[in-house]
Amino acid sequence: MFSPGLKRSKLSSQRERNVGANLRAPGSPSTPLTENNKPAHQASIPDRPSTGTPAPWAPRLSVLARIPPANKNDKGDGVDPIKPVFVGEFPQVVHDEQTSFLQRCVPADFCISGGMDKGTCLSWIIYGNKIFIWSYLSFTAPKKCVTLELPSDVLGNADLGRNSYLCNNWLLSVVNWDSTLKVTNRAANHCYSAGIVLCNQKTRAVLYWSDIFADVGAAPVTICSSSDELLVTSSRIDSNATPNRHATNFTGSSSFNSLIASAIPGTQNACVALACCSSGELWQFYCSPNGIQVNKVHQNIQSLSSQGTGVGQLVGSKGYPRSMIWRLPYFSVSDSNRQFFLLTDHEIQCFNIKLFPDLEVSKLWSQEIVGNDGDLGIKKDLAGQKRIWPLDLQVDDHGKVITVLVATFCKDRVSSSSYTQYSLLTMQYMSEANISSDLHERVLEKKAPIQVIIPKARVEDEDFLFSMRLRVGGKPAGSTIVLSGEGTATVSHYHRNSTRLYQFDLPHDAGKVLDASVLPPTDDGEDGAWVVLTEKAGIWAIPEKAVVLGGVEPPERSLSRKGSSNEGSAQEERRNLMFANNIAPRRASSDAWDAGGRQATGLTGITRRTAQDEESEALLGQFFHEFLITGKVDGSLEKLKSSGAFERGGETNVFVQTSKSIVDTLAKHWTTTRGAEIVAMGIISTQLMDKQQKHNKFLQFLALSKCHEELCSGQRHSLQIILEHGEKLSAIIQLRELQNAINQNRSTGVGSTHSSFENQVSGALWDLIQLVGERARRNTVLLMDRDNAEVFYSKVSDLEQVFYCLERHLEYIISMEQPDGFQIQRACELSNSCVTIFRAAMDYKNENHLWYPPPEGLTPWYCQPVVRNGLWSIASFMLQLLKETSEIDMSAKSELYSHLEALAEVLLEASSGAINAKVERGEEHKGLLNEYWSRRDAILDSLYQQVKGFVEAGHQDLTDNTGENKEEILKNLSSSLLSIAKRHEGYQTMWNICCDLNDSGLLKNLMHESMGPRCGFSYFVFKQLYGKKQYSKLLRLGEEFQEELSIFLNHYQDLLWLHEVFLHRFSAASETLHVVALSQDEGSISITEEEIDSDHSNPVPTLTDRRRLLNLSKIAAFAGKDADSQIKAKRIEADLKILRLQEEIMEVLPMDDTNQHVEKKLLHPEELIELCLKSGSKELALQVFDVFAWTSSSFRKSHRNLLEECWKKAADQDPWSELYQASVSEGWSDEETLQQLSRTILFKASNRCYGPKAETIEDGFSEVLPLRQENVEVAGLKDARSSVEAILMQHRDFPYAGKLMLTALMLGCVQGDDVKLEESLSPMV
């Protein structure tokens, strides 16, 4: 069709058009017959110049392909952003067969078949009678290629010739057996077990290989349609099939159009394949290692194929049904049904196949997409419209969105010229569609208006149209790729409110595009870039940027290689390149249209670089280059300031970008066609050292130019990133040295049967390097032509990806199916790699600490979550190995322990660094603390259990002195673990070690050294001793750790007073004892471990215990000799009296279950008073006033209502009406009246509360409740009833006995003085 917008010479353009013309019919006048009939060895160019696609056998392919000679630079990034990127060469066996095949065949007479499978990432190509299958992801594909041979009896005259559009006449479907197993690890998207179903479109021969990886070279099971004896059964699922089972021949002139296959769960390498035929038949093949069973499951799918009666409409076209595809690309092992779509000339049909227990195909629904209703799809019979061809159908990975490629033959009424319009119809499932109730119910709706790819294209014949195929799913998201039979691949992308096209069209010497697919999805769920399989030049990728920037408006030209009258599009493409320099490398995400209409897709993650940024970076590069040559930095700082070099922060800072370009340089001479052999070259270490030297020079430039000082004051984060580049580079260098050491150990190992190279490309570290490099290659398509190891050692700034792959893909590196010893070896190797990275970074930081900015609030790269999670992933795996691998020998377990111990230290250091940074920034860090604590405790506890196991097993290899006792061995073995626990506050481990060693000296030393929050380890020790009731040991430690124990015992005051007495803090001890004595906590009185063993397990303190504590408190108060010691003693004495009152009250109350329970606990004063009021006892009614007297003044004020109730209760205790009648009838004298009233409760209560000998704490009763009503105003009380007199006036007997009641009150308050009755009564008269 067309190529991306590049400025080419007329000669070059003319030459390419002439080459492309070779694909036209042989009889065409423009076909250069002389060129076409040249022998293969003359037609192929051994070393094509860089103006075209290089031949795959040319040296240094990726350099020629990616870097034009004029644009190569030291950075290695002079890459045309709209050029495709070379991914990988063909395997060597394919090269050899290709050369042999081309020598045997005339180019005009051969046809090469090939394809790519997205699900398994396998690519395949057929030369002659051989099929070659390999993974298109691996740069090292030449070493991993499966070769299968086609039996001679199925070949026949299968090849149709170069000029036929059906040249790709083999249909191949890959059956992934991994999908039927519970395989959870898809880290590298490798297929480990797969079957192949292959059929010839013309002869309809079917071949089946049950497992191409397990049975390499095994002959397939075949079935040939030409056999006269071949009989198949037909089952009825539609009205056109015969009702009875009968025999029918698997022969015919029609060809297969599409083939799909699926594994059958619960079977051993058995699958079902479905093929649709241009005659309208649907065939089913049951394939097993024992043979192939054929069944015609549909007689005539095209029974309703007529699109109308208009001119040019074809009824029963030979090309339909067109294509089939599974609705969902993957299925679960538990699924017994799969759905697939089938495209006819006017509708989409959906079928279901029941995989278990019997194969049964049933039609679910069908919906017309070409008809009279334009809302349902494509409206036919429009003006100028002559014919509509639905060409191919694809579905997204979720099975919801269906995309159909459509070609429409039209005629312009004005000019009478004919043209073809290509478009994409996008359908989606309706939200409430019911696919089971009615076959004719509408289930699909338009997702977006029809997207026109090319509005007016050249008219092509039907064979060309039917050779076109559609692919979906690549980047940019929402883009599609159209493949033509002539070997072109055109990417269509809706961008900025218009359709943009980008064509991958190779020069003729590189052959055709055989198929296209996409790179596997990354962890964010998005598919990767487009990749294409070529006939001769290997596999290429189309970067997302190339599609976005290199795409052009749809021209009026064909999708074939033929020329076009529209030559102005190159200028349009050239204008698009203006955006290239303003967009930094990124991972973009584009969204497709909504159902409501087409909208421009948004590209996220783009870092806009202004002209100022470009100027600053160029200026910095110029100054640095001059510094490398001359060592001078004159005027650099001022010029960089004026250019805005210090304005951006973080990763976008120009100094950071320059530093990153230094450490991430892709050295051109690393690239080699030898694949993974570059890891054995010493040049890698040399290049890394060169990078380190240049980065150090960059730091010197920053220092001499005063840029370092400016960054340190204004851009601390940017300066830290620059120095972290140095840390990562140092870590990569050490990791390379570690890999060399591992390789050396393997190659010199005893009994090693592997070659030197095999030793160097094996092991856990090597697999990790491959994973990280593979991930970087997929995320950056421009690196797809590089080896995984090369990418890993080059992308230094992305060192965190090592830990990301450890977290996400550890099961790929270490399989649980491997032997325990092998798992331990690989786990130790990974652990050692992580420790090496961390220690190298820390060493670099320590050596260059003067370069670093103030660290407050900055989180180092090795403290980021991705690093911590990766470290924890391998650490937790090693913990699991320690727990579950009990049968391994002690030496292997010892090695595992030592590596885990080193890894634990690294992990804990990373976590503590992250916590410190969050604390310094004032951010929430509770979750991070919990993560740190849980991981620390899990690792340290497991490690200590292993140490104890070593000691118990008597493992003598861990100590030099075999005569040591267990305690000495334990002390030696646990020394390093104890050091880690001490640094990271692993107090439980420290406590366990000290207890097992029974070493109090070590315990005290650790308590002195580990002074963390809340007194550190000493607080933990105190808590352990308290929890074990070892109070004597706890208090003895207080002799040495006085303040620490005081802080701890603030929460355990039942022992605090003992420590305070030891410290001679008697006043404080008195207060503590007072609080403990009155505590309502049932466990306030501690019991020792010995008391527990002696059945004294009741922690509830008795009243006797409380009295003892109060007496001790009183003694301590006097011993304190403070100024307020007398007041304290008086208060303690009052509480003692209340305590005695409770005992006396409990003796008066009847002993029921409730009172028996109350007797054991200390009652609050108000509870005690209420208990007395409810009892009805005359004696208790008087004692309540004693309780009030010995409480505080505040208590009396706050419980005044309760005090009033007590006076009411006291008034009710005597029969005042009877006393009044007796006084009247008997005529009591004054002495007799005094005698009778002195026996009443009112008299006694008045004497207790208001008498001359009344005793209270703080203020008296008069301040709360005056005796006389006339004293209310004096007391300042607002309530008129706030007096004892007012309370008695409410009594029922007061109207006639009130004088006696008031006389009793007054006599009581003056009792003890020589007061006559008349004087006491006079105020009341």
Identify the residue among Leu1162, Asn1111, Asp1135, Val1076 that makes a side chain to side chain contact (heavy atoms under 4.5 Å, CB included) with Arg1106. Leu1162
Applying salt bridge (charged side-chain N to carboxylate O under 4.0 Å, His left out), name anything that partners Lys1033, two or more places apart in sequence or on another chain. none
Could you label the plane-to-plane angle of the Phe1020 and Trp991 rings as parallel, tilted or perpendicular, counting under 30° as parallel and over 60° as perpendicular? perpendicular
Show me the donor-acceptor pairs, under 3.5 Å and distance only, between side chains in residues 1205-1212 and residues at least two apart or in other chains.
residue	atom	partner	partner atom	Å
Lys1209	NZ	Leu1173	O	3.4
Asp1212	OD1	His1291	NE2	2.8

Contacts of type ring-ring contact (aromatic ring centres under 6.0 Å, His included), residue His1008, not counting sequence neighbours: Phe1041
Could you tell me which residues satisfy ring-ring contact (aromatic ring centres under 6.0 Å, His included) with Phe1066, sequence neighbours excluded, listed by chain and number? His1064
Is it the case that the side chains of Ser1177 and Ser1175 hold a donor-acceptor pair, with the cut-off being a distance below 3.5 Å and no angle test? no
Applying side-chain hydrogen bond (donor to acceptor under 3.5 Å, both in side chains), which residue pairs with at least one partner in residues 1234-1244 are found, sequence neighbours left out? none
Looking at residues at least two apart in the chain, or sitting in another chain, which of them share a side-chain hydrogen bond (donor to acceptor under 3.5 Å, both in side chains) with Glu1060? Thr1072
What do you reckon, are the aromatic ring centroids of Phe1048 and Tyr1052 less than 6.0 Å apart? yes
Residues passing the side-chain hydrogen bond (donor to acceptor under 3.5 Å, both in side chains) test with Glu1009, sequence neighbours excluded, are Lys982
For Phe1195, what residues pass the ring-ring contact (aromatic ring centres under 6.0 Å, His included) criterion, not counting sequence neighbours? Phe1188, His1199
Please name all residues satisfying ring-ring contact (aromatic ring centres under 6.0 Å, His included) with Trp1057, sequence neighbours left out, ordered by chain then number. none
Is a side-chain N or O of Asn1005 found less than 3.5 angstrom from the main chain of Gly1001, in a donor-acceptor match? yes
With sequence neighbours left out, what residues match Glu1285 under side-chain contact (heavy atoms from CB on, under 4.5 Å)? Arg1268, Gln1269, Ser1283, Met1289, Leu1302
Looking at residues at least two apart in the chain, or sitting in another chain, which of them share a side-chain hydrogen bond (donor to acceptor under 3.5 Å, both in side chains) with His717? none
Can you list everything that forms a side-chain hydrogen bond (donor to acceptor under 3.5 Å, both in side chains) with Ser1067? Sequence neighbours excluded, please. Asp1122
